[in-house]
Structures are given as structure tokens and as C-alpha cells.
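One structure below.
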Amino acid sequence: RLSQLQEMNATQIAVYEDVLPEAHEIRQANVLMIVGLDDETSAVLVSIARLQGILVNVEDKPSLCDFHFVAFVKRGDLTISVSTAGASPTLGQEIRSYIAGLFNEDWEGIVSTVGKKRLEWKSQGLDNKSVADKTRAFIRNLALLGATNDNAQEQGYASYANDAPASTHYQGAEHAL
């Protein structure tokens, strides 16, 4: 979990090993994560934290948690998260691995391309329904033709205004839509 916090650019992380934090140290926290402690000690720390309005996560004790960590796949602006609400973090990680295989690195370009087209249509003054319809058709055409990068339009995928069959799928992500 520490590495996940660091990946999310968390700052001022205090780790206590072999010693418990004092109440005044807990008060300085925004979030308290408890790992590897017995139920009684965990419950005491949770009580101290909650009296101060601090969010708490206790590993393998969902009933003591204010939040749960998610396993996520990030591809540029696309983020897909999985949570088992603490029931089985390993299952969440396995599902995340499966999803990562479906949504390969090409999806960063797909999301960027779709986002640019959407902004273009909005800048033309189209209403929300028209923008959504054009976006949906563009997505389906990308799926139908197997386009997976920013130069989709250069490759002849410019017929976004025509609706492709709804049964089409993205290349390498048959279960994505």
C-alpha cells in the first residue's frame, strides 16, 4: 500500500514499525492505515483517529475501514478501478491484471483521440446530444476498423458521422463495450 500511495504522489507519509503512534501523532494525520496489528490495538487506534475526524483503513478488517484501496489500470486519461471492498485484495489484483490485458497501452491514444474529437464538436457549437451521438459513432468506427492510435483519422477512419453496428468491439478488448 505504501508504494500505491507513493505512486499517487502522497506526501508526508509517516511509517511506524515496532512502535505505535502517539495520539498527538495521529491527530496530525489525514489518513491512518493500520497493518499487522491485533484487533484490540487496531480498535483503539481507530477510535483515536475517528474522534479526530481522520479516515482509517485497517488491513483485512473491512468493518473498521472508512475506505478501501482499489486496484486500478491507468492508460493516459483512462482509469479503470476494481474493488472487492476489502473482501479479497488478491482477487481485486487478479481482476486488475485481467483488465490490464484487455486495455493495453494503445488505449492512451484512443482516449486522447476521442477526447480531441469531442472538444472539436463542442467548439462547433453542437448540443450535448449531438456531441454524444457523434462521439458514440466515432468510438464504434474506431472499434470496427481496429484503430488504436492518435493518427486514426490519417489512416482513413474519418467516417465517424456514420453509426457502425453496435456489436463491434475494440481490438484486443472484446469485452470492453
Side-chain angles (χ1 to χ4, degrees), residues 1-119 122 128 131-132 135-136 139 142-143 148-150 169-177:
R1 299 295 178 215
L2 181 58
S3 63
Q4 192 175 12
L5 289 170
Q6 291 166 334
E7 286 174 18
M8 294 185 284
N9 297 318
T11 59
Q12 300 179 353
I13 300 171
V15 177
Y16 295 87
E17 294 182 41
D18 303 323
V19 62
L20 295 175
E22 300 289 330
H24 72 277
E25 293 169 315
I26 294 173
R27 278 194 293 276
Q28 295 173 5
N30 293 314
V31 174
L32 178 64
M33 296 174 47
I34 301 170
V35 178
L37 298 179
D38 61 75
D39 290 350
E40 184 178 330
T41 305
S42 295
V44 169
L45 292 174
V46 167
S47 294
I48 293 169
R50 286 189 176 152
L51 285 172
Q52 303 300 318
I54 296 165
L55 295 174
V56 179
N57 177 279
V58 182
E59 184 178 59
D60 292 332
K61 295 182 179 47
S63 64
L64 294 177
C65 294
D66 296 320
F67 67 95
H68 303 284
F69 281 91
V70 297
F72 62 91
V73 174
K74 185 149 180 61
R75 303 290 188 243
D77 289 335
L78 175 65
T79 302
I80 304 168
S81 64
V82 176
S83 174
T84 62
S88 176
T90 302
L91 176 60
Q93 287 294 327
E94 288 298 311
I95 294 169
R96 179 230 166 272
S97 294
Y98 176 75
I99 289 171
L102 293 176
F103 291 87
N104 62 27
E105 298 297 330
D106 292 339
W107 280 84
E108 183 172 350
I110 292 169
V111 172
S112 177
T113 299
V114 172
K116 288 174 187 172
K117 294 305 292 183
R118 181 178 172 273
L119 289 175
K122 287 181 75 70
N128 288 340
V131 170
T135 302
R136 192 171 292 108
I139 292 166
L142 284 175
T148 58
N149 57 41
D150 278 326
H169 305 289
Y170 284 106
Q171 177 182 5
E174 289 79 15
H175 306 290
L177 292 177

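For reference, positions follow the sequence shown, starting with 1. We use all heavy atoms of the structure for the numbers below, so side chains are in, but hydrogens, waters and symmetry mates are not.
- Partners of Lys74 under the salt bridge (Lys or Arg N to Asp or Glu O under 4.0 Å) rule, at least two apart in sequence or in another chain, do not exist in this structure.
- For the side chain to side chain donor-acceptor pair (under 3.5 Å) condition, the pairs that include at least one residue of residues 45-55, sequence neighbours left out, are Arg50-Asp66.
- Put simply, the side chain of Ile80 does not reach to within 4.5 Å of the side chain of Arg96, judged on heavy atoms.
- Rounding to the nearest 0.5 Å gives a distance of 12.0 Å between OG1 of Thr79 and CZ of Phe103.
- To the nearest 0.5 angstrom, Asn30 atom CG is 7.5 Å from Ile54 atom CD1.
- When all heavy atoms of Pro62 and Ala85 are compared, the pair lying nearest together is CB-O, 3.9 Å.
- We find the CD1-CD1 distance between Ile26 and Ile48 to be 4.5 Å, quoted to the nearest 0.5 Å.
- Residue pairs meeting the ring-ring contact (aromatic ring centres under 6.0 Å, His included) criterion with at least one member in residues 14-39, sequence neighbours excluded, do not occur.
- Counting only heavy atoms from C-beta outward, the side chains of Leu37 and Leu20 approach each other to under 4.5 Å.
- Side-chain N or O atoms of Ser112 include none that pairs as donor or acceptor with a backbone N or O of Glu108 at under 3.5 Å.
- With rounding to the nearest 0.5 Å, the separation of CD in Glu94 from CD1 in Ile99 is 12.0 Å.
- With a 4.5 Å cut-off on side-chain heavy atoms, Ile139 and Val114 count as touching.
- With values rounded to the nearest 0.5 angstrom, Asn57 atom CG is found 7.5 Å from His68 atom NE2.
- Taken from SG in Cys65 to CG in Asp60, the straight-line distance is 9.0 Å, to the nearest 0.5 Å.
- Remark: Asp38 engages no residue in a salt bridge (Lys or Arg N to Asp or Glu O under 4.0 Å) (not counting sequence neighbours).
- Around atom CZ of Arg118, no more than 12 heavy atoms belonging to other residues, nucleotides or ligands sit under 6.0 Å away.
- Among all heavy-atom pairs drawn from Thr84 and Gly92, the shortest one is CG2-N, 3.9 Å.
- Side-chain contact check for Val46 versus Ile34: some heavy-atom pair is nearer than 4.5 Å.
- Among residues two or more places apart in sequence or in another chain, the salt bridge (Lys or Arg N to Asp or Glu O under 4.0 Å) test is passed with Glu105 by Arg75.
- By the ring-ring contact (aromatic ring centres under 6.0 Å, His included) test, Phe69 pairs with Phe67, sequence neighbours left out.
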